[in-house]
**Q** 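Dumping the structure here so I can ask a few things about it.
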Amino acid sequence: MEMKYKTENRQLTITLTGELDHHAAKDLMDSIDRCMEQNLPTKTLLDLGGLTFMDSSGIAVVLRAKRRMEALSGTLVVVNIPRQASRVLETAGLGRYVDLV
Amino acid sequence: MKTKCTNYITLEFLSHSANEGFARGAVACFAAQLDPTLEELGDIKTAVSEAVTNAIVHAYPDRLGKIVIKARILEENVLELSVRDWGRGIADVEKARQPLFSTGGEERSGMGFTIMESFMDRLTVRSQEGKGTRVTMRRRIQPRRAVQ
């Protein structure tokens, strides 16, 4: 699991690569928290395009990122969702709470 | 009536979270002989990951323990998986199967059983407090016809 980020005009883009499961989730949540606290974005794009696998741990990661952005009065958009990850997010009905593009 | 098993594997491993990827990968390799689509294979890997993670997080919250996966190929292209642990068990299985119910950490969403149910054709959960849990799942792989 690898995370990269870039910022431009207070828009933070976080790109995930690899397999997102329970083993990876805790460290990833902490890394995303730190990244948001350091950059104080008004909008975050969470780019899942590089994920080769995601289970329900990914739901917890997305919801935590959403709550962090709300605490910063900002927004979260999840983009480039691979088919397998999309099925997991759809099953959880996450589209009702988070912008999934 | 018993369903005939044509092939099987057994995997035994410790409840280290690092083994989650190994477990779903090994089952996916075994299931590949049924010629699943990428989507079917993704569903199987996801269900295995959920069941194994449940065992790691809930069965053995404060120690390492044994997890055994049995994967069997049954008649009519059916894959049967059982994930067993000898951990603390589930007090109320029906409650545990409800969406968003979780006693795990914040990295758990409470959607594990819901995803297993949605991604597989059949799910049964047997558990006894203090003795462990066995999750059994079945998924029929759609036979594919060769392109003419």
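Model, not experiment: these values are computed from the prediction.
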**Q** Please indicate whether Leu38(B) has more than 12 foreign heavy atoms, meaning atoms of other residues, nucleotides or ligands, lying under 6.0 Å from its CG.
**A** no
**Q** State, with a plain yes or no, whether a side-chain heavy atom of Lys45(B) is found less than 4.5 Å away from one of Gln84(A).
**A** no
**Q** Taking a hydrophobic cluster as the set of Ile, Leu, Val, Met, Phe, Trp and Tyr residues connected by side-chain heavy atoms closer than 4.5 Å, whether directly or through intermediates, do Leu89(A) and Val79(A) fall within one such cluster?
**A** no
**Q** Under 4.5 Å heavy-atom distance to chain A, tell me which part of Asp43(B) shows up: side chain, backbone, both or neither.
**A** side chain
**Q** With a 4.5 angstrom heavy-atom cut-off, is it the side chain or the backbone of Ile56(B) that approaches chain A, or both, or neither?
**A** side chain
**Q** Are Ile115(B) and Val93(B) linked, directly or through intermediate hydrophobic residues, by side-chain heavy-atom contacts shorter than 4.5 Å (ILVMFWY only)?
**A** no
**Q** Consider only side-chain heavy atoms of I, L, V, M, F, W and Y, link residues closer than 4.5 Å, and tell whether Leu100(A) and Phe53(A) are in one cluster.
**A** no
**Q** Could you tell me which non-hydrogen atom of Thr91(A) sits nearest to which non-hydrogen atom of Phe119(B), and how far apart they are?
**A** OG1-CE1, 3.3 Å
**Q** Over all heavy atoms of both residues, which pair between His23(A) and Glu20(B) is shortest? Give the atoms and the distance, please.
**A** N-OE1, 2.9 Å
**Q** Atom CE in Met111(B), atom CG in Asp55(A): separation rounded to 0.5 Å?
**A** 12.5 Å
**Q** When you group the ILVMFWY residues by side-chain heavy-atom contacts below 4.5 Å and let the links chain together, are Phe113(B) and Leu94(A) in the same group?
**A** no
**Q** Less than 4.5 Å apart, side chain to side chain, heavy atoms only: is that true for Asp21(A) and Arg24(B)?
**A** yes
**Q** Transitively linked via ILVMFWY side-chain contacts under 4.5 Å: Leu41(B) with Val48(B)?
**A** no
**Q** Check each atom of Arg83(A) against the heavy atoms of chain B and say whether the ones under 4.5 Å are side chain, backbone, both or neither.
**A** side chain
